[in-house]
Amino acid sequence: MKNLLIKAKVEPVTEVCADLGEGAIWDYINKVLYWVDIYGKKLFVYEPVNRVNRVIKFNKEIGAVVPRKKGGVILAMKGCFVSYNLNTGKVKKLAIVEQNIPTNRFNDGKCDPAGRFWAGTMDFKASHNAGSLYYLDLDFSLRKIIRGITISNGITWNVDKKTMYYIDSPTYSVVSYDYNKETGNIKNKRVIIRINPLYGIPDGMTIDKEGMLWIALFGSGKISRWDPASGDLVGLLEIPGAKRVTSCSFGGNEMKDLYITTASHGLNKKQLRNQPYAGALFKASLNIAGLPLWQFLG
């Protein structure tokens, strides 16, 4: 393990402010990082230039956020997809999702190369196979892509935009699909990475310019780097003072800053003393660059 450690400056850039921090997404147009506190029902907008972390409170759990090309953001909120105007505070419902299943909520998601917003659902108690993976199309129509998901988590697309990678956390694996940008169809599911449970639970995921996958390992205090071609673990990044690492996103002017969300949810007093930064947003300064994430084009 030691020879896999990635040397980098890793530091919290916000105060401890999230119960279940998730969904880190870099907006390369506005140079800000969006992230959420699912149980806290909050959207955060972190501005690196002045290190300000804006907090916007809602009345429902938010599982994921993506920037919108027309301005503002799109939120995968419990029971629906909505648009949100960051300047006026206006919320507009775009599509209804599983409102007949009050025990489900969204958990993680991002846009594909065509600008569709993919996000998955799960049961609040993580009941087996209770969730599904959807995408919100550019005309705001909704499509269910995968059924029988337990904890929908990391999703990303490869450099040539022909492969989709996806994580259902309790499987301890990453699967890939052939992806069609024009239709949004996926096929030929195969397991490409198997993660030893001793490393932690696979959570959020992103990709770098070399095509390597960066996966948050919940419970371990680490971000892992994997080669999807071989399935090999090629790097580990340690996060100080927070074990429940949930998601990561490349950002910054050169896309070499890795932003990392963490959670404090479920920790007892002793664990919180040992993890003083649980629930903070972190930044790791790397010599590896990531890829800009896609915006919602609807």
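The analysis underlying the following values was restricted to heavy atoms, covering all of them including side chains, and did not include hydrogens, waters or symmetry mates. In this chain, residues are counted from 1 in sequence order.
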Do [X] and [Y] have side chains that approach each other closer than 4.5 Å (heavy atoms only, starting at C-beta)?
X	Y	result
Tyr199	Leu233	yes
Pro228	Tyr165	yes
Val91	Leu75	no
Asp37	Cys17	no
Asn153	Glu22	yes
Val49	Lys31	no
Glu61	Phe124	yes
Pro48	Val13	no

Tell me whether [X] at atom [atom1] has more than 12 heavy atoms from other residues, nucleotides or ligands lying less than 6.0 Å away.
X	atom1	value
Lys78	NZ	yes
Glu15	CD	no
Lys162	NZ	no

Closest non-hydrogen atom pair between [X] and [Y], with its separation:
X	Y	result
Met164	Leu133	CE-CD2, 4.3 Å
Pro292	Tyr28	CB-CD2, 4.0 Å
Leu20	Ala263	CD1-CB, 3.7 Å
Phe81	Ala76	CE2-CB, 3.9 Å
Thr150	Ala126	CG2-O, 3.5 Å
Lys60	Met77	CB-CG, 3.5 Å

Would you mind telling me which of [options] makes a side chain to side chain contact (heavy atoms under 4.5 Å, CB included) with [X]?
X	options	result
Lys283	Leu258, Asp257, Leu33	Asp257
Ser173	Asp168, Val191, Ile195, Ile167	Val191
Trp35	Ile260, Thr14, Ile62	Thr14

In Å and rounded to the nearest 0.5 Å, what is the [atom1] to [atom2] distance from [X] to [Y]?
X	Y	atom1	atom2	result
Asp108	Tyr166	CG	OH	9.0 Å
Met212	Asp232	CE	CG	10.0 Å
Leu94	Ser83	CG	OG	4.5 Å
Met205	Ile215	CE	CD1	5.5 Å
Ile25	Ser247	CD1	OG	8.0 Å
Gln295	Asp27	CD	CG	6.5 Å

Taking [X] for the side chain and [Y] for the main chain, is one N or O donor matched with an acceptor at less than 3.5 Å?
X	Y	value
Ser152	Thr121	no
Lys110	Thr156	no
Thr246	Gly23	no

- Message: Run the ring-ring contact (aromatic ring centres under 6.0 Å, His included) test against Tyr177 and tell me which residues pass, sequence neighbours left out.
- Response: none
- Do any pairs count as a ring-ring contact (aromatic ring centres under 6.0 Å, His included) and have a residue in residues 272-291, sequence neighbours left out, and if so which ones?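 Not a single pair qualifies under ring-ring contact (aromatic ring centres under 6.0 Å, His included).
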- Query: Can you list every pair that meets ring-ring contact (aromatic ring centres under 6.0 Å, His included) and has a residue in residues 223-242, with sequence neighbours left out?
  - Reply: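 Passing the test, one end in residues 223-242: no pairs.
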- Are Phe58 and Tyr84 close enough that their ring centers fall under 6.0 Å?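 For Phe58 and Tyr84, the ring centres are under 6.0 Å apart.
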- Message: Less than 6.0 angstrom separating the ring centers of Phe250 and Trp214, yes or no?
- Response: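 Ring centroids of Phe250 and Trp214 are less than 6.0 Å from each other.
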Using distance only, find each side-chain donor-acceptor pair of residues 135-149 under 3.5 Å and give its atom names and separation, not counting sequence neighbours.
from, atom 1, to, atom 2, distance (Å)
Tyr135, OH, Arg143, NH1, 3.0
Tyr135, OH, Thr183, O, 3.3
Asp139, OD1, Ser141, N, 3.0
Asp139, OD1, Ser141, OG, 2.6
Arg143, NH1, Thr183, O, 3.4
Arg143, NH1, Asn185, OD1, 2.9
Arg143, NH2, Asn185, OD1, 2.6

- Query: Distance only, no hydrogens: is a donor on one side chain within 3.5 Å (strictly under) of an acceptor on the other, for Thr206 and Ser249?
  - Reply: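 Note: Thr206 and Ser249 side chains miss the donor-acceptor criterion.
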- Item | Trp118 side chain to Asp112 side chain, donor-acceptor N/O pair below 3.5 angstrom |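 Looking only at side-chain atoms, Asp112 and Trp118 do form a donor-acceptor pair, the distance falling under 3.5 Å.
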- Message: Just to verify, what does Lys70 make a side chain to side chain contact (heavy atoms under 4.5 Å, CB included) with, not counting sequence neighbours?
- Response: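 Scan of Lys70 (side chain to side chain contact (heavy atoms under 4.5 Å, CB included), adjacent residues dropped) gives Arg68.
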- Listed partners of Asn50 passing side chain to side chain contact (heavy atoms under 4.5 Å, CB included), at least two apart: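 Residues passing side chain to side chain contact (heavy atoms under 4.5 Å, CB included) with Asn50: Glu47, Val52.
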- Message: Before you tell me yes or no, could you show the steps for Tyr134 and Glu98 under side chain to side chain contact (heavy atoms under 4.5 Å, CB included), namely the whole-Å CA-CA distance, both residues' side-chain angles and the distance that decides it to 0.1 Å?
- Response: CA-CA 11 Å; Tyr134 298 85; Glu98 296 184 354; 2.6 Å; yes
- Is Arg190 salt-bridged to Asp178, going by a charged N under 4.0 Å from an acidic O? yes
- Test side chain to side chain contact (heavy atoms under 4.5 Å, CB included) applied to Met122 and Arg105, step by step: CA-CA 6 Å; Met122 62 172 286; Arg105 63 169 177 84; 3.6 Å; yes
